[in-house]
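Reminder, nothing fancy here: chain letters follow the sequence lines and each chain counts from 1.
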Amino acid sequence: IEGLGEKHISAFWQDGLIRQPGDIFRLKTRLDDIAEREGWGEISATKLIAAIDERRRIPLDRFINALGIPQVGQATARLLARHYRSLAHWRGEMEAAQDPESPARAHLLDVHGIGADMAADIIGFFAEPHNRAVLDDLAREVTVLDYEAPAQASQSPLAGKTIVFTGGLEAMSRSEAKARAEALGANVASSVSAKTDYVVIGADAGSKAAKAAALGVTTLDEAAWLELAGLAPAEAG
DNA sequence: GTGTCTCTACGGAAGACCGG
DNA sequence: CCGGTCTTCCGTAGAGACAC
């Protein structure tokens, strides 16, 4: 939520404006209280409420990521979203998995990338009544969108390739580049290894560029990346 | 206009997990 | 066990927003 960072969350919590995540989406009724706060005003309070409303619809993977389950970050959240498709289904499975004998538990472990340790953390999250209550409450305020498989361009030269970005890019942000690469069927990794196919070197690249060179991984400059991604701008001159 | 604050966007690295 | 990844944390810098 734009404009709602750690500091504000923590201050709101201390002053009792919010007690649990769902409360954020009910701040609308406290607009005047917010506007009167020190450092705030009518404009910022109104903008905050608008920014909150813009986040009422949220993709499943981001929702899972936001739960803060230990070991479940961006990548694992997406893994889960891809596998379970909807919040209702996932939650149903995780609650069924409370029973150690349940097939739901076996299914979770079948997900490539989820091992016993992560499964225990995930199932453990749903074992907490408090967490389930928070989810119930949040569900009343937000709409979690079912996972949509990205349409894959299997023709793309990037299909099936593992790519790593490092350094700053000019034409697009890192996250845009990542989204683009994934849309083209590439796997975007966060560190360079021998299995990496391409490393895109942006401005002020750090050790990843050196590692790519050491491992003999193909490196691309931004122009080459844009061309590979089918985004090549008209070459100057 | 000024000053403060937050957010965003990076890099780097440690530690831990997964799968083979 | 080990290579490959991912999560998590820390640090930095800059841009932008807004109260005052």
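Put simply, A/Lys47 has no side-chain N or O that comes within less than 4.0 Å of OP1 or OP2 on C/dA17. Between A/Thr76 and C/dT7 there is a side-chain N or O to OP1 or OP2 distance below 4.0 Å.
Residue A/Val164 is classed as having no contact, given no heavy-atom separation below 4.0 Å to the nucleic acid.
Going from atom CD of A/Gln71 over to atom P of B/dA14 covers 19 Å, rounded to whole Å. With rounding to whole Å, A/Gln74 atom CD is found 10 Å from C/dC6 atom C1'. Between the CG atom of A/Leu109 and the C1' atom of B/dG19 there is a distance of 13 Å, rounded to whole Å. Computed from coordinates, the A/Ile163 CD1 to C/dG4 P distance equals 18 Å when rounded to whole Å. Distance A/Ile114 CD1 to B/dA16 C1': 14 Å, rounded to the nearest Å. Spacing between atom CD1 of A/Ile69 and atom C1' of C/dC6 amounts to 15 Å, rounded to whole angstrom units. Between the CD1 atom of A/Ile122 and the P atom of C/dT7 there is a distance of 11 Å, rounded to whole Å. Computed from coordinates, the A/Leu108 CG to B/dC18 C1' distance equals 13 Å when rounded to whole Å.
Remark: the A/Gln71 side chain and the A/Asp121 side chain contain an N/O donor-acceptor pair separated by less than 3.5 Å.
Considering only the side chain of A/Ala75, C/dC6 comes nearest among B/dG19, B/dC18, C/dC6.
Under a 4.0 Å N-O distance rule, the pair A/Arg82/A/Asp61 does not qualify as a salt bridge. Checked for salt-bridge contact, A/Asp137 and A/Arg26 meet the test: a charged N lies under 4.0 Å from a carboxylate O.
Stacking of A/Arg19 on the aromatic ring of A/Trp13 is recorded, both the 6.0 Å distance cut-off and the 45° axial limit being met.
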